[in-house]
Amino acid sequence: MNGSFPSFSRPVSATPGRNDPCFCGSGLKYKKCCARLDEQSRSDAQRRRLLESVLRRFFDNHPRPGEQKELSAWKNRIAPRLQPAYGEEKTGSVAGDTFYFGQQVRIWNDFLTEQALDSRHAAVADALRGWLDPRFAVLRISSASAPLGAARPAQDVVQASELLNGEQLRLSTGADFRPRPGSVVLGYWIPGANPEDPLTALNSLVLIEEPEDEAVLRLERRFREAGEADAAAFYRRDPAAAYEIFAESAAGADRASGEELPQAVGEALERLEAYLIERDLKCDRLMDLAFRFLKRKREKPAPPEAAAAAVRFGQLQGWLPDDAAQDIPYPSSDVRQPPSAMTDELDSDRIEQLATEMLDYQRRTSVYREEEPPVGIRVGTDPLPGEMRQWKLYMHLKDLDIQGEAALRRQMDYFSGVPYTPASPEEEAQLRAYEAYLAIEDDVRAEKLAEARRLHPNGADTLLLAADGEADPDERYRLLEEAETAALRRFEADIEPVWLHLPNRPYLRALMLRAAHDWQTGRHAEAFERFYRLLRLNPADHQGARYPAISALIASGDHEAAGSLLAHYAEGAGDNAFYRWLEWASSYKRDRPSAETGDFYRKAVEANPYAEKYIRSRPEAEAYPRSAIITPRSPEEARLIWTLIRPTL
């Protein structure tokens, strides 16, 4: 056996004396506060160490010489059914598990009974008896679950359901077992050290990331034909049967991980992406589903039909607008030419059939796939959305005498749920300014600004909002100057990091908005000075000043400084499209016909192909955004890229 037994140990931190102040910061003595909880924690840790020692003893002493012949015979019996799919090492682990915990479970049960009678294990005797006849299960991972009172963090527990009866179970995970929703796991499980703990894997597990539907159906069909009373009896009848049923899925997964993507699938995905790019659409969910669906399909459909079916599915699902589905372009190999519409004759019935199959596949798999929030960068001249909440909390705490981190955390937890009532017209104006920044509609923004100007017309954020809405360039510039001066009076450069001190934010905003104004009106040198001041004050660049700063340098012809700033921020940034397109813009302005410029262009198109149409048509650039979250390789990112590089061309 491989002996990869589960660990039940958990570190217990050092504790103070009983009459010392409790480390949690409550102000009470330790014995009156957390002592009881820590005592229970130490007791639980001791139980886990005892259980772990029992498991270690079993794996260290088995197989015994008298069991070796029978174990070898069992392995030789099941290996031909499993080894082609799982390999020699995993098959050996499965053979050991099914032998000791299934075929000859009496060996395991006798060992546990003996250990439970040992006086040294009196504290865990009940837990050891709960490990008799360990449970085999074929489980579909659904999602991460809440801890439900268990002593383990939520990220170390997943929810799963038994395929044969739908029973819901909670499983303990660890560094070697981090299953994704939708995957299937086969193996033996035992209860945790405490009744509320999740189940723990007894030894080895077989994890299949994307099991074939046919394997699940075969398992259910064989269970019905066996006529057993329950799933446990079915698994006991032939401990290796489930492993054999899922062998083809396991072998397919191994093949897929070691093989290149089939050409038909790759071409279909290229056509689908070309369709989305040509229409300025982005749908990662559609690309992901089409990839998984086509990869699993044994008979690959022709790329034109597969791409058309994916678009039709996207329309039926409501992910794409309902326009002509058959107009799927060829992906263009020449980045200078737009993709052209295909002229292949497509079978509309076949497209509808494939789209229906995709719908069915999506319904069956989406319940197990956790929707990931969009990942992007936030840019703009307005405050971050959470700043108003942070400001209210800061106003509650700024005059309190708080000693220690634990006390600060308690105060923050308390005041986070307490509304803040402004104590002066100036504070009221600041609150209205935050509400104006957060307003979705322009008329609401104007209404909140009017209230702020009435309460405190010379506030920095009030002046910034007024400047942002001013149509006259001269008046806008005057308001920006006043805002910068007003904000500078309250700026505290000695507090580091500068960004984390809330009263410093208006000055950083004033620099950003005034620099953006200079940059968009062609005063590139002046703009860069303020952008660069922002980057020196706030090197982490929470405002995204680096992008227009590089643009300003390229527009003013200082390509050496632009390259230096690009290198500083782009290191390790991979295929960040902003850097790739700015890199191309600098090379294009220096040496348009060079091979290096062409190479930069190809890399930029790969990073964001949506931006290419702007290079061809050269429309007017949009204004720098007030607030936006930009996701990679998206139409929104392309529009901001064009805003950044248009002044450089």
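Note: hydrogens, waters and symmetry copies are ignored here, and every other heavy atom, side chains too, is used.
Contact record, Pro198 with Val157: CG-CG2, 4.1 Å, taken as the closest heavy-atom pair. Scanning both residues, Glu622 and Gln520, for their nearest heavy atoms gives O-OE1, 4.4 Å. The minimum heavy-atom distance linking Ala493 with Val498 is given by the pair O-CG2, 3.9 Å. Between Met512 and Ala545, the shortest heavy-atom distance links the atoms SD-CB, 4.0 Å. Smallest separation of non-hydrogen atoms from Ala540 and Arg546: O-NH2, 3.8 Å. Pairing each heavy atom of Cys283 with each of Leu320, the nearest pair is CB-CD2, 4.3 Å.
With no hydrogens or angles considered, no side-chain donor-acceptor pair links Asn458 and Glu482 at under 3.5 Å. No side-chain donor-acceptor contact under 3.5 Å links Gln411 and Asp413. Side-chain contact, Thr173 with Arg178: a donor N or O sits under 3.5 Å from an acceptor N or O.
A salt bridge links Arg626 to Asp442: at least one charged side-chain nitrogen sits closer than 4.0 Å to a carboxylate oxygen. A salt bridge does not link Glu451 to Arg454: none of the charged side-chain nitrogens sits closer than 4.0 Å to a carboxylate oxygen. A salt bridge is absent between Glu526 and Arg514; no separation between the charged side-chain nitrogens and carboxylate oxygens falls under 4.0 Å. At a threshold of 4.0 Å, the pair Arg445-Glu441 does not count as salt-bridged, since none of the basic side-chain nitrogens sits closer than that to a carboxylate oxygen. Under the 4.0 Å criterion applied to side-chain N and carboxylate O atoms, Arg478 and Asp474 are not assigned as salt-bridge partners.
Judged by distance alone, with hydrogens and angles left aside, the side-chain atoms of Ser564 form no donor-acceptor pair with the main-chain N or O of Glu560 at under 3.5 Å. Side-chain atoms of Asp518 never come within 3.5 Å of backbone atoms of Arg523 as a donor-acceptor pair (strictly under, hydrogens ignored). Side chain of Ser183 to backbone of Pro179: no donor-acceptor contact under 3.5 angstrom is found. With hydrogens and angles ignored, the 3.5 Å screen pairs a side-chain donor or acceptor of Lys589 with a backbone N or O of Ala555. Here the side chain of Ser424 pairs a donor or acceptor atom with the backbone of Glu427 at under 3.5 angstrom. No donor-acceptor pair under 3.5 Å is formed between the side chain of Thr597 and the backbone N or O of Pro593. A donor-acceptor distance shorter than 3.5 angstrom exists from the side chain of Trp642 to the backbone of Pro619, with no hydrogens or angles considered. Panel note: side chain Thr521, backbone His517; a donor-acceptor pair is recorded below 3.5 Å. When atom types are taken as modelled, the side chain of Arg170 and the backbone of Glu196 share a donor-acceptor pair closer than 3.5 angstrom. Here the side chain of Asp156 pairs no donor or acceptor atom with the backbone of Ser172 at under 3.5 angstrom.
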Can you check side-chain contact (heavy atoms from CB on, under 4.5 Å) on Leu488 and Thr485, steps first, answer last?
-> CA-CA 5 Å; Leu488 183 57; Thr485 301; 5.8 Å; no
Please assess Arg633 against Asp284 for the test salt bridge (Lys or Arg N to Asp or Glu O under 4.0 Å), listing each intermediate value before the final yes or no.
-> CA-CA 10 Å; Arg633 224 167 183 267; Asp284 291 336; over 6 Å; no
Show your reasoning for whether side-chain hydrogen bond (donor to acceptor under 3.5 Å, both in side chains) applies to Asp541 and Gln543.
-> CA-CA 5 Å; Asp541 191 21; Gln543 297 166 281; over 6 Å; no
Give the intermediate values and the outcome of side-chain contact (heavy atoms from CB on, under 4.5 Å) for residues Asp468 and Arg476.
-> CA-CA 7 Å; Asp468 184 52; Arg476 176 184 172 87; 4.2 Å; yes
Taking it one step at a time, do Glu606 and Lys603 satisfy salt bridge (Lys or Arg N to Asp or Glu O under 4.0 Å)?
-> CA-CA 5 Å; Glu606 177 59 31; Lys603 291 177 180 177; over 6 Å; no
How far apart are the C-alpha atoms of Tyr547 and Tyr579, what are their side-chain angles, what is the distance that settles it, and do they pass the ring pair (Phe, Tyr, Trp, His ring centres under 6.0 Å) test?
-> CA-CA 8 Å; Tyr547 304 114; Tyr579 299 136; 5.6 Å; yes
Show your reasoning for whether side-chain contact (heavy atoms from CB on, under 4.5 Å) applies to Trp499 and Asn504.
-> CA-CA 7 Å; Trp499 173 260; Asn504 285 341; over 6 Å; no
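At least one side-chain heavy atom of Lys613 sits less than 4.5 Å from a side-chain heavy atom of Asp280. Side-chain contact check for Pro457 versus Thr462: every heavy-atom pair is 4.5 Å or farther apart. Looking at heavy atoms from C-beta onward, Leu397 lies in side-chain contact with Leu400 at the 4.5 angstrom threshold. Within the 4.5 Å cutoff, the side chain of Ser551 has heavy atoms near those of the Thr648 side chain. Side-chain atoms of Tyr614 and Ile641, non-hydrogen and from C-beta on, never get closer than 4.5 Å to each other. Within the 4.5 Å cutoff, no side-chain heavy atoms of Leu537 are placed close to those of Leu535. With a 4.5 Å cut-off on side-chain heavy atoms, Ile645 and Ile615 count as touching. Residues Glu596 and Asp591 fail the side-chain proximity criterion, which asks for heavy atoms closer than 4.5 Å.
In this view, Tyr420 and Trp391, His396 satisfy the ring pair (Phe, Tyr, Trp, His ring centres under 6.0 Å) rule, not counting sequence neighbours. The ring pair (Phe, Tyr, Trp, His ring centres under 6.0 Å) search around Phe600 returns none, not counting sequence neighbours. Partners of Phe491 by ring pair (Phe, Tyr, Trp, His ring centres under 6.0 Å), not counting sequence neighbours, listed by chain and number: Tyr507. In terms of the side chain to side chain donor-acceptor pair (under 3.5 Å) criterion, residue partners of Glu637 (sequence neighbours excluded) are, by chain and number, Asn608. In this structure, Tyr437 has no ring pair (Phe, Tyr, Trp, His ring centres under 6.0 Å) partners at least two apart in sequence or on a different chain. Residues passing the side chain to side chain donor-acceptor pair (under 3.5 Å) test with Glu387, sequence neighbours excluded: Tyr434, Arg505, Arg509.
Atom CG of Asn576 and atom CD of Glu583 lie 11.0 Å apart (nearest 0.5 Å). With rounding to the nearest 0.5 angstrom, the CZ atom of Arg490 is 10.0 Å from the CD atom of Glu492. Rounding to the nearest 0.5 Å places CG of Leu502 at 11.0 Å from CD1 of Ile495. Once rounded to the nearest 0.5 Å, the distance linking OG of Ser634 with NZ of Lys282 reads 6.0 Å. Distance NE2/His456 to CD/Glu426: 4.0 Å, rounded to 0.5 Å. Note that CD1 of Ile550 is 4.5 Å distant from CG of Leu565, once rounded to the nearest 0.5 Å.
Aromatic ring pairs are classed by plane angle as parallel below 30°, tilted from 30° to 60° and perpendicular above 60°; the pair Trp581 and Trp584 is perpendicular.
Geometric assessment of Arg639 against the ring of Tyr610 yields a negative cation-pi assignment under the 6.0 Å and 45° thresholds. Remark: Arg592 is not positioned above the aromatic ring of Tyr601, lacking an NZ or CZ atom under 6.0 angstrom from the ring centre and at most 45 degrees off the axis.
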